2 protein chains.
Amino acid sequence: MHGAAAGSTGCRAQIIYNRMTAKKETIAQRIARLLAERIVSGTLEPGARLRQDHIAEEFAASHVPVREAFRLLEAQGLAVSEPRRGVRVAAFDLAQVREVAEMRAALEVLALRHAAPHLTPAILDEAEAATLAGDKARDARTWEAANSRFHKLILTPCGMPRLLAAIDDLHAASARFLFSAWHSEWETRTDRDHRTILAHLRRGEVDAAAEALGRHVRWIGRRPVETASGRRREAFVIQG
Amino acid sequence: MHGAAAGSTGCRAQIIYNRMTAKKETIAQRIARLLAERIVSGTLEPGARLRQDHIAEEFAASHVPVREAFRLLEAQGLAVSEPRRGVRVAAFDLAQVREVAEMRAALEVLALRHAAPHLTPAILDEAEAATLAGDKARDARTWEAANSRFHKLILTPCGMPRLLAAIDDLHAASARFLFSAWHSEWETRTDRDHRTILAHLRRGEVDAAAEALGRHVRWIGRRPVETASGRRREAFVIQG
DNA sequence: CTTTTCAAAATTATAGATAATTTCTATAAT
DNA sequence: ATTATAGAAATTATCTATAATTTTGAAAAG
């Protein structure tokens, strides 16, 4: 849903009301967007300090727009700020991943129910193509972009901007987890889930489609993985 | 849910992570909080321009914290900003009220399902007291505060901070509408709805309670009212 | 009388500078 | 060895000043 690493959005409210106007982005928005990409993709690790002077220097700006960018990132839940003690990349544990998954499920189901009457065969074909692209993806970035496209395609026709913006933010939070846990060997169940949802939609079975989407988004799996140092640990998987 | 007029929160992310710490609020947070009160209560009308220099002067601050306050208000959906063209109080039409109501219903139901196992008789008694206070309220402020308290009491035990913060923001948006449409003669159905929800919760009927809450929040009524100038028009009512 | 154009005023956006707070580090004490 | 403390360095938060953009309003042209 969310552009995530391949072009993360920016401020939530901006998204709600300026998504289409979007004349020129301010320096603050640009900085927020680029930092969001790094946070979502894991380049900036959870807990990492974001120092306004350093960032201002890197982007050849003063720290005023940097501070505004921090507020935008806070609103997305990607950064946390303690007064007088600076801003850090938000941490996220399994409990938060669960919380985000539940919220996404609730809101995406709502969006799908309102979008369903406006879905055309053409849109569903595009969504199928996105699923196929996800199948063939061999890296997290590509997979996440395709997954994003699928969800966006079937939900956008709901025409509820605030709802879509909220879903976007939640998707960015999910994507962070995806990037941190991605393993190219994983055979996800995502393709099958996506196709089930599409099949129901094609047959006009909105309730069944909504239920499948809810289960799909809520699903969090776990499987053992081998770390770089050869140790075994448990990792968690999401279907996107 | 949201403090609304009686002490609106501030930044969403701040709420998520700093709600309990909340050592000292920064000037930006203070400005955002006070402006949010005015927007929610209707003192600042939809579409009104928020001029940073004027606001800075009023609060005896420079415009740097004012600009940050604007970003916080944007994140809550209470203000909209167009780059280089200033910030305005967000407008809201019936479609948006509907959208917010649907989102609230989806998220509050989710919160209630997770809160239900942790609800104690003491909490439910408090919630009943809040309902009673709402019944006796004769002005919008008091009524909204009591309604807020009811929802907060039964939802907070879910222990999902991001979810609760999102609900808070939506509640502020609802409250704006409530304040704009309040009429002291309205006999709302709220007390009955609240008591139905409580009755179900006392009997451990979580599904029924969740369904009642969803209907309650989603409900938007309309009734003719007489304006100050004596003209008749249609007004919309929410149950809170 | 309406529309267009251009300059002045108002306002936003950014930069540079200052003050206040926190964090770090070395040193001393228990 | 661990804890406590004081000073220094780094960082945040704010203010003042400057640049850039948009809006306003009046005058001129059609």
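Letters go in sequence order (proteins before strands), and every chain restarts at 1. Just so we're clear, the structure is a prediction, and the values are computed from it rather than from any experiment.
To the nearest 0.5 Å, atom CD1 of residue Ile55(A) and atom CD of residue Glu57(A) are 11.5 Å apart.
The main-chain N or O of Gly47(B) is found under 3.5 Å from a side-chain atom of Arg88(B) such that the two form a donor-acceptor pair. Remark: side-chain polar atoms of Glu126(A) are not paired, donor with acceptor, to backbone N or O of Leu153(A) under 3.5 angstrom.
In this structure, a donor-acceptor pair under 3.5 Å is present between the side chains of Gln52(B) and Arg67(B).
Environment of CD in Glu45(B): sparse, with no more than 12 heavy atoms of neighbouring residues, nucleotides or ligands closer than 6.0 Å.
Between Glu144(B) and His171(B), the closest side-chain pair of non-hydrogen atoms falls below 4.5 Å. The shortest distance between side-chain heavy atoms of Leu164(A) and Asp168(A) does not fall below 4.5 Å.
The pair Arg71(B)-Glu68(B) does not meet the salt-bridge criterion, since no charged nitrogen lies less than 4.0 angstrom from a carboxylate oxygen.
Atom CZ of Arg88(B) and atom P of dT22(D) are 15 Å apart (whole Å).
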| query | How is the base pairing of DNA chain C summarised as a dot-bracket string, given the Watson-Crick and G-U wobble criteria with both distances under 3.5 Å, [ ] for crossing and | for another strand? | reply | ||||||||||||||||||||||||||||||
| request: Treat primed atoms plus P, OP1 and OP2 as sugar-phosphate and everything else as base, then score nucleotides 9-16 of chain C 5' to 3': B for base contact with protein heavy atoms under 4.0 Å, S for sugar-phosphate contact only, - for none. | output: --SBBBBB
